[in-house]
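Position 1 is the first residue of the sequence, and the numbers go up from there.
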Amino acid sequence: MKKIYFILLSLLVGCLMASCHDDKGWSVVDGVIVFDTPQREAGQQSVLGLRVAPIENVRVGFIGLGMRGPSAVHRFTYLDNVEIKALCDLLPENVEKSQQILKNRSLPTASGYSGEEGWKELCQRDDIDLVYICTPWQKHVEMAVYAMEHGKHVAVEVPAATSLDECWALVNTAEKTQRHCMMLENCVYDFFELTTLNMAKHGLFGELLHAEGAYIHNLDPFWEAYQGNWRLAFNQAHRGDVYATHGLGPVCQLFDIHRGDKMNYLVSMDTKSVNGLKTAKKLMNADTFANADHTHTLIKTEQGRTIELQHNVYTPRPYNRLYQVTGSEGFANKYPIEGFVFEPKNLAESGVANHEDLSAHSFIPETARLQLMEQYKHPIALEIEDKAKEVGGHGGMDFIMDYRLIYCLHHGLPLDQDVYDAAEWSCIGALTAMSLEHNSAPVAVPDFTRGDWNKIDGYHHAMLAR
């Protein structure tokens, strides 16, 4: 009897901890939850480094003109060789407000669409190259997939997807159609992040070891501004870091994710919901709230690096994306104070003056920091910084994002963010929820490139030779 018991127990443990698998779409391998990776279907091809024929005049259609959309329309009126052909929103009055933006800039009126199905008519047009999506998260993938299937390149607001199935839908559709699908992650174009990336490429931080990112932003004054209360309703139903991309995107570029490194697995912990639940009771008459007031996640990469993420949109804290970078020979910090720490020999080699008080325990002096920021200003910032600050959008980073998208389309270059970035950065919501629901178990991050993560040697922005 004991022998049978131990046999059954061994089988159970082996199933749970080694490679237990059923029809749920995931298994447990060596204690790590691993989701199934769908096979590429016939006709699909990788879109790593995707280049398409240059588009001399980019014709654009905008979907979603409530909160983010109108500012995007405004920014696009300052881009050369761009035509705004169509505007769409659920509400016709929002379309008219954006038409006024075009009128104020002495530009032709765009075709207008509204209602539940208006966006499909926009995507079906044969005179649009790029569909720019600024709708609630729940509509992103449906619209992006439909647009790509109709031959359009796609730019979609963050997060691009809200589930693993949606992430794979974006990847598979981009591979089938060979269309660009870029997530509109603006924080990778912040001037500090761009400069830090450039410093890292020049070796100032030595070997990169650890980075931190976050979205800590008290949304209490803004919840009622979301049409139909869609954002609070999503958070009420979903646990985990549902908005990770602002903190994660810049780190992934630093760490060459799917360009020589990849995220292997994560673990997540969260607090109970106090403020979120109070808000949901007030605005939704809800008795439960899945999303924690504070969610904390750690990620391990193939190259032995670690990433820390935080999400908190409920408590009264100062806005903070963290953005801290730790290297073997240097450190960068954006919030709450911008600063750098370097090994003295590295800073001396850079030719920066005024660092006689430098130590490994404090930031370099302000004069040295400003000089470094100027010396290592990213080539993109050198090219477009003044105009970006004039046009605006989160201090100019939104305009740089749009400028780079159009620049790459004009010249037939790979985009700064591809569909694999969109999937990798967006999947954190679903993976952290899985970890939390399984007592903070480790969860593997899918390789959306299906094995091609090290075929590109390092992250870089594609630019024409000068």
- Task: Kindly state whether the ring of Trp453 and the ring of Tyr420 have centres lying under 6.0 angstrom apart.
- Result: no
- Note on the structure: Smallest heavy-atom separation, Gly49 atom then Pro414 atom, equals O-CG, 3.6 Å
- Query: Got a donor-acceptor contact below 3.5 angstrom from the Thr432 side chain to the Gly429 backbone?
  - Reply: yes
- Task: Look up atom CG in Asp421 and atom CD1 in Ile257, then write down how far apart they are to the nearest 0.5 Å.
- Result: 9.5 Å
- Item | Residues forming a side chain to side chain donor-acceptor pair (under 3.5 Å) with His238, sequence neighbours excluded | none
- Task: Kindly indicate whether the side chain of Ser46, heavy atoms from C-beta on, has any atom under 4.5 Å from the side chain of Arg450.
- Result: no
- Task: Just jot down the side-chain contact (heavy atoms from CB on, under 4.5 Å) partners of Lys455, sequence neighbours excluded, or say none.
- Result: Asp452
- Message: Is the shortest side-chain heavy-atom distance between His258 and Asp418 below 4.5 Å?
- Response: yes
- Task: Verify the neighbour count for atom CE of Met269: are there more than 12 heavy atoms of other residues, nucleotides or ligands below 6.0 Å?
- Result: no
- Message: Tell me if the centroids of the rings in Phe342 and Phe331 come within less than 6.0 Å of each other.
- Response: no
- Message: Parallel, tilted or perpendicular: which one describes the rings of Phe448 and Trp168, with boundaries at 30° and 60°?
- Response: tilted
- Item | Shortest non-hydrogen contact from Thr295 toward Ser268 | CG2-OG, 3.6 Å
- Going by heavy atoms in the side chains, are Gln227 and Leu90 under 4.5 Å from each other? yes
- Query: For residues Thr135 and Glu157, is any side-chain donor paired with an opposing acceptor at under 3.5 Å?
  - Reply: no
- Item | Atom pair CG (Leu79) and CZ (Phe399), whose distance is rounded to the nearest 0.5 Å | 4.5 Å
- Nearest non-hydrogen partners of Val154 and Ala147, listed with the distance: CG2-CB, 3.6 Å
- Query: Ion pair present between Glu390 and Lys387, side-chain N to carboxylate O less than 4.0 angstrom?
  - Reply: no
- Query: Any side-chain heavy atom of Asp89 sitting closer than 4.5 Å to one from Phe62?
  - Reply: no
- Item | Taking every non-hydrogen atom, the tightest pair across Ser435 and Ala441 | OG-O, 2.7 Å
- Query: Centres of the His217 and Phe222 rings: under 6.0 Å?
  - Reply: yes
- Note on the structure: Those residues at least two apart in sequence (or on a different chain) that pass side chain to side chain donor-acceptor pair (under 3.5 Å) with Thr245 are Glu185
- Taking the six-membered ring of Phe192 as reference, does the NZ or CZ atom of Arg321 fall below 6.0 Å from its centre and within a 45° cone about the axis? no
- Exceeds 12 heavy-atom contacts within 6.0 angstrom, atom CZ of Phe191: yes
- Any chance the rings of Phe289 and Tyr314 have centres within less than 6.0 Å? yes
- Decide whether Asp402 and Tyr132 meet the rule of one side-chain donor and one side-chain acceptor closer than 3.5 Å. yes
- Query: Partners of Asn320 by side-chain contact (heavy atoms from CB on, under 4.5 Å), sequence neighbours excluded?
  - Reply: Ile216, Leu322, Tyr335
- Item | Pairing residues for Ser328 by the side chain to side chain donor-acceptor pair (under 3.5 Å) criterion, not counting sequence neighbours | none
- Output yes when a side-chain donor or acceptor of Tyr459 lies under 3.5 Å from a complementary backbone atom of Asp416, and no otherwise. yes
- Message: As an exercise, state the distance from CE of Met67 to CZ of Arg231, rounded to the nearest 0.5 Å.
- Response: 8.0 Å
- Query: Would you call the rings of Trp137 and Phe234 parallel, tilted or perpendicular, where under 30° means parallel and over 60° means perpendicular?
  - Reply: perpendicular
- How long is the span from the CG atom in Leu208 to the CG atom in Asp261, to the nearest 0.5 Å? 10.0 Å
- Item | Glu207, CD: over 12 other non-hydrogen atoms inside 6.0 angstrom | no
- Can you name the nearest heavy-atom pair linking Val32 to Val443, along with the distance? CG1-C, 4.0 Å
- Which atoms form the tightest heavy-atom contact between Thr315 and Asn275, and what is the distance? CA-ND2, 3.8 Å
- Item | Counterpart residues, side chain to side chain donor-acceptor pair (under 3.5 Å), relative to Asp293 (two or more places apart) | none
- Query: Do NZ/NE/NH1/NH2 and the carboxylate oxygens of Asp220 and Lys278 come within less than 4.0 Å?
  - Reply: no
- Is Lys262 salt-bridged to Asp447, cutoff N-O under 4.0 Å? no
- Please answer whether the main-chain N or O of Thr306 pairs with a side-chain N or O of His210 as donor and acceptor at a distance below 3.5 Å. yes
- How many angstroms lie between CH2 in Trp223 and CG in Asn235, if you round to the nearest 0.5 Å? 4.5 Å
- If we only count heavy atoms from C-beta on, is the Trp119 to Val131 side-chain gap below 4.5 Å? no
- Side-chain heavy-atom pair Leu283, Glu224 within 4.5 angstrom cut-off: yes
- If you round to the nearest 0.5 Å, how far is OH of Tyr189 from CD1 of Ile380? 6.5 Å
